[in-house]
Amino acid sequence: MKRGVASFSELFRRRLTLVFVLFLVAAIGIESRFVYLQVVARNTLVDMANEQLATDSIPIKAKRGMILDATGRVLAQDIATWSLGLYMKEVKDPHATAVAIAPILKTSASVLEKQIRAASSTFIYLRKQVGASEYEALRSLSVPGVVLDKGYRRVYPLGALVSSVVGVTGSDNQGLSGIEFQYDKELRGVDGRHTYRVSGSNPGEPAVTEEVIEAVQGKDIVLTIDSNIQYFAQQALLETVKTYDAKRATCTVLDPKTDAVLAMVDVPGLDPEHWQDAPLSALSEKVVSANYEPGSVFKAATSVAGLETGAITLKSTFYSGGSLKINGTVVHEVNNYAYGTMDLYAMLEHSSNVGFAQVSMKIGAQPFYNSLRKYGFGKPTGIDLPGEESGILLPVSQWSQTTLPTMGFGQGVAVTAIQMANFYATIANGGVMQRPYVVDRIVDASGTVQRTDTPGVVGRVFSAKTASDVLEGLHGVVQKNIGVSTAYIPGYQVAGKTGTAQIAAPGGGYLKDGSYVFSFAGILTANDPRVVVFLSIHQTQKGERTSFRVAGPTFKKIALQLIQYLRLKP
């Protein structure tokens with residue numbers, strides 16, 4: 001008996017040991033599998049999972065910042081638009097999708113189906129900037145994969161009024177010209193991104209949002225330009241261009257105390273929302289990008305240089321018998337009129353070519369060149385607009401025998417309108433030159449001012465006395481009714497100078513078609529300069545042929561509006 005009981009107990013222990021060993025082996029096996037899956041095969045399993053669950057994303061377009069004028073009027077802004085896209089991993093049936101969408105887009109279902117089947121990426125656009133009715137119809141569809149992507153379209157509420165300064169944008173809302181180009185980085189903002197998780201093995205399964213990074217709106221740009229002053233100048237130029245059948249015209253209005261640009265007009269203007277219909281040359285602001293010979297309006301620069309170098313004084317006199325032969329070239333007065341003996345003020349009032357040819361020769365070539373460079377000619381002003389030209393002021397080594405005398409009355413040198421406007425602003429500012437600018441400040445979406453532009457002082461380029469003396473001479477040009485009676489405004493101290501310039505021909509010499517550039521530089525008022533107006537009218541085809549008759553009255557129209565709008569005192 002005892003022997004049998006002992007045998008049973010031994011058997012039980014062995015079986016229990018066997019079960020324990022089997023359990024232990026199983027546990028070790030499971031744990032080993034866990035280790036294998038989590039450590040050894042981890043990368044393989046992750047890759048397999050990613051094949052089953054893929055990530056994709058769609059950009060969220062940032063709203064471009066606004067451009068505003070000095071009064072807060074909107075010059076450029078974005079309005080919301082919607083584009084139709086397809087998330088291809090959700091498209092189950094390209095044919096059914098095309099048939100559902102085609103009637104709304106008013107297009108062929110077969111053409112649309114080919115476009116869908118030809119898609120080479122996970123997301124495609126079928127139509128950009130759909131209309132409001134199309135958007136509503138598409139939004140009501142329950143077609144897998146349809147995505148209505150929010151975007152923006154640039155609009156310009158004032159149309160062509162400030163288009164050459166503000167500029168235009170391209171199809172992707174990127175700046176192409178003007179302020180839109182110059183400050184594209186600030187205006188553009190930062191695009192966001194909508195990230196999705198989708199099934200890689202089961203096309204048609206709805207995507208699940210993984211992450212949304214919101215877009216950051218672009219900054220607003222506030223200009224120094226006042227659209228009211230811009231309008232006054234534009235209307236006056238349009239009337240002049242029409243009356244005299246001119247090719248184009250420009251006007252720049254500066255505040256001489258700061259060099260802020262109050263108006264910059266280029267006629268004919270450009271429709272910024274249909275700029276593709278215009279030649280590429282229409283995208284540039286001619287005030288800063290077009291070189292031309294200035295003619296007699298340049299005589300103020302010769303006057304300043306003569307006084308500053310000590311070559312002449314206010315009492316110096318020069319004789320004009322109507323013409324003067326210099327180095328084989330004859331310099332003529334208008335109509336060969338013999339003005340006799342004149343001092344500086346008389347030469348300005350009569351706009352004597354012979355007189356100023358003698359002044360420049362008395363200054364001397366190198367001193368005259370150095371003076372003109374100092375006054376900003378032959379180099380950019382640094383205005384915050386793209387495409388600024390430097391003008392043309394050749395080094396003395398490249399001058400001909402007639403360059404020095406003819407440059408005295410504005411031939412043989414090329415300028416931009418902004419250079420001439422800035423020079424006259426320097427006279428009005430007592431000889432201190434500044435950098436003209438059109439952007440007043442940059443503001444972010446919260447209204448915080450990110451940057452405020454301040455006048456960039458170049459420095460004193462001629463003495464306050466010289467500035468005062470020349471300003472007095474320019475005052476006499478208008479007030480004495482000799483040079484520019486058409487710009488005279490009773491009760492107001494207007495200073496100014498006309499310019500009638502020949503147009504350089506491409507192959508050398510000048511155009512023979514009788515066309516000129518008529519210009520006028522005006523300062524309001526001589527006793528308290530508040531504004532400088534510089535205008536140029538190019539290649540008139542009919543009517544008068546002098547700045548006295550063309551540019552003078554145009555200036556007067558603008559000046560009268562400025563006096564009223566800015567409440568200028570006599």
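Atoms considered below: every heavy atom in the structure, side chains included; atoms not considered: hydrogens, waters and symmetry mates. One-based numbering along the sequence shown.
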S.K.: I need the single residue from K150, K63, R154, K61 that forms a salt bridge (Lys or Arg N to Asp or Glu O under 4.0 Å) with D78. Which is it?
M.R.: R154
S.K.: Regarding R139 and E136, does a basic nitrogen lie under 4.0 Å from an acidic carboxylate oxygen?
M.R.: yes
S.K.: For N429 and K257, indicate whether the former's side chain and the latter's backbone hold a donor-acceptor pair under 3.5 Å.
M.R.: no
S.K.: L84 versus E134: any side-chain heavy-atom pair under 4.5 Å?
M.R.: no
S.K.: Does any part of the side chain of V287, heavy atoms only, come nearer than 4.5 Å to the side chain of D266, both counted from C-beta?
M.R.: no
S.K.: Please determine, by modelled atom types, if Y565 and N228 share a side-chain donor-acceptor pair under 3.5 angstrom.
M.R.: yes
S.K.: Apply side chain to side chain donor-acceptor pair (under 3.5 Å) to E180 and Y156, showing your working.
M.R.: CA-CA 12 Å; E180 296 277 29; Y156 301 87; 2.9 Å; yes
S.K.: Going by distance alone, is a donor N or O of one side chain under 3.5 Å from an acceptor N or O of the other, for N173 and Y152?
M.R.: no
S.K.: Looking at A260, is its backbone amide N or carbonyl O close enough to the side chain of T258 to form a donor-acceptor pair, meaning the two atoms are under 3.5 Å apart?
M.R.: yes
S.K.: Should F518 and F520 be marked as a ring pair (Phe, Tyr, Trp, His ring centres under 6.0 Å) after you check the CA-CA gap, both sets of side-chain angles, and the distance that decides it?
M.R.: CA-CA 7 Å; F518 302 118; F520 188 88; over 10 Å; no
S.K.: Does a side-chain heavy-atom distance below 4.5 Å link V99 with T97?
M.R.: no
S.K.: Does the pair L283 and V168 meet the rule for a side chain to side chain contact (heavy atoms under 4.5 Å, CB included), with working shown?
M.R.: CA-CA 8 Å; L283 294 178; V168 300; 3.8 Å; yes
S.K.: Are side-chain heavy atoms of I101 and L138 found at a separation under 4.5 Å?
M.R.: yes
S.K.: May I ask you to decide if D440's main-chain N or O and T224's side chain share a donor-acceptor pair within less than 3.5 Å?
M.R.: no
S.K.: Please tell me if the side chains of V443 and Q450 come closer than 4.5 Å, counting only heavy atoms from C-beta onward.
M.R.: no
S.K.: Are F377 and F423, when compared by the centres of their aromatic rings, separated by less than 6.0 Å?
M.R.: yes
S.K.: Would you find a donor on one side and an acceptor on the other, under 3.5 Å apart, between the side chain of K92 and the backbone of P144?
M.R.: no
S.K.: Can you tell me if Y424 and Q419 form a side-chain donor-acceptor pair at under 3.5 Å?
M.R.: no
S.K.: Does any N or O in the side chain of W275 come within less than 3.5 Å of the main-chain N or O of A282, such that one atom is a donor and the other an acceptor?
M.R.: no
S.K.: Does any part of the side chain of K286, heavy atoms only, come nearer than 4.5 Å to the side chain of S164, both counted from C-beta?
M.R.: no
S.K.: Would you please say whether a donor-acceptor pair under 3.5 Å links the side chains of H538 and S536?
M.R.: yes
S.K.: Are side-chain N/O atoms of S227 and R73 paired as donor and acceptor at under 3.5 Å?
M.R.: yes
S.K.: What heavy-atom pair brings F232 and I558 nearest, and what distance separates the two atoms?
M.R.: O-CG1, 4.4 Å
S.K.: Does a sphere of radius 6.0 Å around CZ in F181 hold more than 12 heavy atoms from other residues, nucleotides or ligands, not counting ones at 6.0 Å or beyond?
M.R.: no
S.K.: Could you verify whether a donor N or O on one side chain and an acceptor N or O on the other, from T381 and E388, lie under 3.5 Å apart?
M.R.: yes
S.K.: To the nearest 0.5 angstrom, please state how far the OH atom of Y135 sits from the CG atom of L148.
M.R.: 6.0 Å
S.K.: Might you point out which heavy atoms bring Q434 and N422 nearest each other, and give the distance in Å?
M.R.: O-ND2, 3.2 Å
S.K.: Starting at CD1 of I383, measure out to OG1 of T416 and round the result to the nearest 0.5 Å.
M.R.: 9.0 Å
S.K.: Return yes if a side-chain donor-acceptor contact under 3.5 Å exists between D271 and H274, otherwise no.
M.R.: yes
S.K.: Y125 versus D149: any side-chain heavy-atom pair under 4.5 Å?
M.R.: yes
S.K.: Could you tell me whether Q174 atom CD has more than 12 heavy atoms of other residues or ligands within 6.0 Å of it?
M.R.: yes
S.K.: Decide if atom OH of Y516 counts as having more than 12 heavy atoms of other residues, nucleotides or ligands within a radius under 6.0 Å.
M.R.: no
S.K.: Please say whether more than 12 non-hydrogen atoms of neighbouring residues, nucleotides or ligands are located less than 6.0 Å from CD in Q276.
M.R.: yes
S.K.: According to salt bridge (Lys or Arg N to Asp or Glu O under 4.0 Å), who are the partners of E186, at least two apart in sequence or on a separate chain?
M.R.: none
S.K.: Count the heavy atoms belonging to other residues, nucleotides or ligands that lie under 6.0 Å from CG of L280, then report whether that count exceeds 12.
M.R.: no
S.K.: Are the side chains of L141 and I104 in touch, meaning some heavy atoms are under 4.5 Å apart?
M.R.: yes
S.K.: Around atom NZ of K247, are there more than 12 heavy atoms from other residues, nucleotides or ligands closer than 6.0 Å?
M.R.: no
